[in-house]
Amino acid sequence: MSFQEIKGTLPAGSYYFSGNEAVAEGAIAAGCRYYAGYPITPSSEIMERIAVRFKEVGGVFMQMEDELASICSVIGAVWAGAKAMTATSGPGFSLMQEAIGYAAITETPLVVVDIQRAGPGTGQATRVGSGDYMQAKWGSHGDYQVIALSPWSVQEMYEHSIEAFNLAEQYRVPVFVMGEEAVAHLRERLEVQATVRVFNRVKKHGTPPFGTDSMDGVPPMPAFGEGERLLVTGSTHDEFGIRKTDDPRAHARLVERINNKILANRGKIANTESWYLDGAEVVVVAYGFTARSALFAVELLRKTGKRAGLLRLKTIWPFPEEAIRDVGRSARKVLVPEMNRGQILGEVMKYARCEVSGLNQTNGEIIHPQRIVREVEAVL
Amino acid sequence: MSVREYLRERFMPHLWCPGCGHGIIMNNLIRAIESLGIKKNDIVMVTGIGCSSRISGYLDFHTLHTLHGRALAFATGVKLARPELKIIVPMGDGDAIAIGGNHFIHAARRNIDITAIIMNNRVYGMTGGQFSPLSGYGTLATTAPYGNIYEAFDTVELARGAGASFVARTTTYHVRSMKEIIEKAIMHKGFSVVEILSQCPTYFGRKNKRGDAVEMLKYLKESTAPIGSERKRKNPALIERGIFVEEDRPEYCAEYEKIVEKAQKG
């Protein structure tokens, strides 16, 4: 493994940061030295901070002509050897989907921070929503996998940003930090450690850069200018990058592997956190900012002797199926509060063999804990 | 080095139709790079999608075959992450000026050290002969069966207006000057644009009754004239060829370096 403990880029200690500032600092700490983006509310503070900080740490910051160019230039920088990222919100995320598919098939590690706002369309640019989770999973055409993380605090905006780079480099896959407007603009305490654990890209000269012997392996990734003349293409290719656009076996093999390398490692990638699950009759399954309201609600319920618990999804894709199966076995009922029309509710229903219902709110506001309390009390 | 050493011969025969001009461009591009003595490892060729873009598969550099229209955006990231590499971006006319139009003008505006080669055959060949933004008024195409009512972009004026510091035009007929122009474009420090008028006998030629490849090459000879030449003065309708812009202007990567130094001094 190529994990390494390196010195942090901020002095260790406590900071009072917004989520957007924290996510930018996490990326810098993880070794990101190329950023390209386009201004969009509510994510713009990320690029503003990067613009200041990259000049200090020696990175390349580019404000591009649009989101298409931003993510494409990120892919170019990654193949030139950099750790690279972009950040955006729903409308920009929509534009980036073309290149996300390209990154998936070329196995280009990159990070996209999507600060979700109330959609669809332009919607409410300054208001919160969680409407991009299915887009994160299915936004580009064809069959591929991504990794999507769902931070609930400023601390996690920082930590998920580092983790996103580590996962991207480890699995050669696009990784999304799915922040929401509420956590992006929230200011709260951030604890920064002196060192950071980072994963360095695996480089092995002479080995095929686009294939492995196993059907769920991750090939090493050389860079331009390092001695091997690479062929990188978004067309179907063999393990050496040679186009194979009319070979059914080559296509099946490539598609199978870029999916399997994530799905076979689901247990290692997908992360959850449990609160008060012991003896919980009703389990709230929540993620992102909504999990804060859910925890508050569950604690209120427990204080009055109600047997409620919380399963918090830190990873949305690959979906933590096992953890959902477990609560489906132990609980009588599962409630899924979401700032969308039930995007993750359907996923929970697939794996929880108990009664599952949603609590959905799409008004551009966070879900109040009392709504969750009332909903749980109604079924207990 | 011989010309053949720059080719990935295992991918031959190429997909270009008999009579296509793109092979002539590839030939001269190789000759230009060979005479400049640039090492294969020091070149990244970035292409988009289309007939033109397949050139990256045939050449033994680092090659990045990307998305339709977005080659210059990818190239920008490569260049900034490794400014010591030479970046060459061959594109088709639709690739560069229609779907990639925004990236094209902004790459020019940044004056980033990338060489853009526009292989202009005035048609979408890969998809079967639809009109492009460089087809021109009155031309016929599968999507303009009764005549195209769009005026064409003037690529040279577009590049000049957007801020490219090197802008040239040549044709597949004028192979000697093509090689020299490509050499100058590659050595130019800044965003260089070379528009090469090329022939597509299969689609543009057939639809517009322009004859075979030889007839189309003759047309490229007769319909163009050197910049400021006597022929051009006598016949203003002729398309000028040659180097239109060659200026020493601040290049993006160098400017970026200066800004970093300034910031780090505080």
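Here is how names work: the chains are called A, B, and so on, in the same order as the sequence lines, proteins then strands, and each is numbered from 1. These values consider heavy atoms only, across backbone and side chains, with no hydrogens, waters or symmetry-generated copies.
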Between A:Gly234, A:Gly225, A:Ala82, which residue shows the highest count of heavy-atom pairs closer than 4.5 Å to chain B? A:Gly225
Distance-only donor-acceptor screen, chain A against chain B, under 3.5 angstrom:
unit_1   : atom_1 : unit_2   : atom_2 : d
A:Lys55  : O      : B:Gln264 : NE2    : 3.3
A:Glu56  : O      : B:Gln264 : NE2    : 3.3
A:Gly59  : O      : B:Tyr256 : OH     : 2.9
A:Phe61  : N      : B:Tyr256 : OH     : 2.6
A:Glu65  : OE1    : B:Arg110 : NH1    : 3.3
A:Glu65  : OE1    : B:Arg110 : NH2    : 3.1
A:Glu65  : OE2    : B:His103 : ND1    : 2.9
A:Asp66  : OD2    : B:Asn102 : ND2    : 3.3
A:Ala80  : O      : B:Arg82  : NE     : 2.7
A:Glu98  : OE1    : B:Arg70  : NE     : 2.8
A:Tyr102 : OH     : B:His65  : O      : 2.8
A:Phe224 : O      : B:Arg82  : NE     : 3.0
A:Gly225 : N      : B:His62  : NE2    : 2.9
A:Glu226 : OE2    : B:Arg82  : NH2    : 2.7
A:Glu228 : O      : B:His62  : ND1    : 3.1
A:Arg229 : NE     : B:Asp60  : O      : 3.1
A:Arg229 : NE     : B:Asp60  : OD1    : 3.1
A:Arg229 : NE     : B:Asp60  : OD2    : 3.2
A:Arg229 : NH2    : B:Asp60  : OD2    : 3.0
A:Leu230 : N      : B:His62  : ND1    : 3.4
A:Leu230 : O      : B:Thr63  : N      : 2.8
A:Leu230 : O      : B:Thr63  : OG1    : 3.3
A:Val232 : N      : B:Thr63  : O      : 2.9
A:Val232 : O      : B:His65  : N      : 2.7
A:Thr233 : OG1    : B:His65  : ND1    : 2.6
A:Gly234 : N      : B:His65  : O      : 3.4

When A:Val52, A:Val57, A:Ile75, A:Leu68 are compared by non-hydrogen pairs under 4.5 Å with chain B, the top option: A:Leu68
Working to the nearest 0.5 Å, report the span between CG of B:Leu67 and CD1 of A:Ile71. 9.5 Å
Just how far is it from atom CZ of B:Phe11 to atom CG of A:Leu231, taken to the nearest 0.5 Å? 5.0 Å
Answer yes or no: is there a side-chain heavy-atom contact under 4.5 Å between A:Phe224 and B:Leu64? yes
With a 4.5 angstrom heavy-atom cut-off, could you sort out which part of B:Leu85 is near chain A: side chain, backbone, both or neither? side chain
Heavy-atom proximity to chain B below 4.5 Å, by part of A:Val74: neither
What are the two closest non-hydrogen atoms of A:Cys72 and B:Ala73, and how far apart are they? CB-CB, 3.7 Å
With sequence neighbours left out, what residues match A:Phe176 under ring pair (Phe, Tyr, Trp, His ring centres under 6.0 Å)? A:Phe93
Using non-hydrogen atoms only, which part of A:Ala99 is less than 4.5 Å away from chain B: side chain, backbone, both, or neither? both
Measure distances from B:Val44 to the heavy atoms of chain A and classify the residue's part below 4.5 Å as side chain, backbone, both or neither. side chain
